[in-house]
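Take a look at the structure set out below.
Since this is a predicted model, take the numbers as computed values, not measurements. Whatever order the structure lists ligands and atoms in, that order sets their numbers, starting from 1. Just so you know, these numbers use all the heavy atoms, side chains as well, and skip hydrogens, waters and symmetry mates.
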Amino acid sequence: MATTDRQAKTLALAHALSAAERGLAVIPLSRTKLPALRSPHRDDPSHPPCHGECGRFGHGVYDATTDPARIRALFAAAPRATGYGIACGLPPHHLVGVDLDTKNGTDPGAALRALASRHGFTVPPTVVVLTPSGGRHLWLCGPPDVVVPNSAGRLAPGIDIRGAGGYLVGPGSRTEHGTYRAAPGTAGLAPAPCPPALLRLLLPPPRAHHPTPPSAGDHGQGLVQFVLAAHEGLRNTRLFWAACRAYEDGIGPELVEPLVDAARATGLSEREARATIASAARRTGR
Ligand SMILES: [Zn+2]
């Protein structure tokens, strides 16, 4: 058993390193498909929101990296890892995962074809990962200036979307239900750009009332709206990603106050909001 576990981990690490070579940021996963490293703050509920700025591992998808040395360190700290997760929404691919899940007796493939014909798009040839339960993950690329949120069953029953803050179980991962594998002939493909008509279906609906950032333009306004549309469980994640985008795009400083206002409108405290935006500033090196 011990040998098998070690072999599983060695294999997972090898697959994770080769994904990283393709520009995909990875984290180690356990057999249950959850991040293999537990939060260093799990025994301290009063710890302020942390996305890794404490310098330790165990922040889920925020640990994700393409740096081979750091990937080796993550796996070294995770003896029970048997797989790896690929973070969505990060440059250079801005990966969007379309998760077609057959578990509930639905036929999400047919649902996707119906959506495609109704909205006039074609699903392009791209990487497809086969899940042990008979499902499929399609890998697509989003444009760099758009934050695609996670959603479950919003497009159609059985179709989940993995976007910013989400991750996909990488091919070669072993889980308690079996091994994830690239569909024959797709492993070597680059993730194809998400068709614009599909992308429109993935974005949060615009809000009627929203504060207008002073001079950050449409992009900044889009980020503010993205935060405003957050449900309770995703408020902080959305704020973090919106702030990362803002800093990456050079409009971070002018968007701080509009983002704080938007986060407070969703129910976050000002202190939480400012801490999360400061994390984003540090994460993006600003
Ligand atoms: Zn931390």
Donor-acceptor contacts, no H, no angles, side chain residues 16-25, under 3.5 Å, sequence neighbours left out:
from : atom 1 : to   : atom 2 : distance (Å)
S18  : OG     : H15  : O      : 3.3
R22  : NH1    : A187 : O      : 3.4
R22  : NH2    : A187 : O      : 3.4
R22  : NH2    : L189 : O      : 2.8

Check: Between P191, C141, C194, which is the residue that forms a side-chain contact (heavy atoms from CB on, under 4.5 Å) with T126?
Finding: P191
Notebook entry, point to check: Just wondering, do K33 and S30 contact through their side chains at under 4.5 Å, heavy atoms?
Noted result: no
Item checked: Sphere of radius 2.8 Å around the Zn ion (ligand 1) - protein N, O or S atoms inside -> H41 NE2, C50 SG, C54 SG, H59 NE2
Notebook entry, point to check: Which pairs pass salt bridge (charged side-chain N to carboxylate O under 4.0 Å, His left out) with one or both residues in residues 156-179, sequence neighbours excluded?
Noted result: D99-R162, D160-R162
With a cut-off of 3.5 Å and sequence neighbours excluded, list every side-chain donor-acceptor pair involving residues 65-78.
from : atom 1 : to  : atom 2 : distance (Å)
T65  : OG1    : D67 : N      : 2.9
D67  : OD1    : A69 : N      : 3.4

Notebook entry, point to check: Around atom CZ of R271, are there more than 12 heavy atoms of other residues, nucleotides or ligands at under 6.0 Å?
Noted result: no
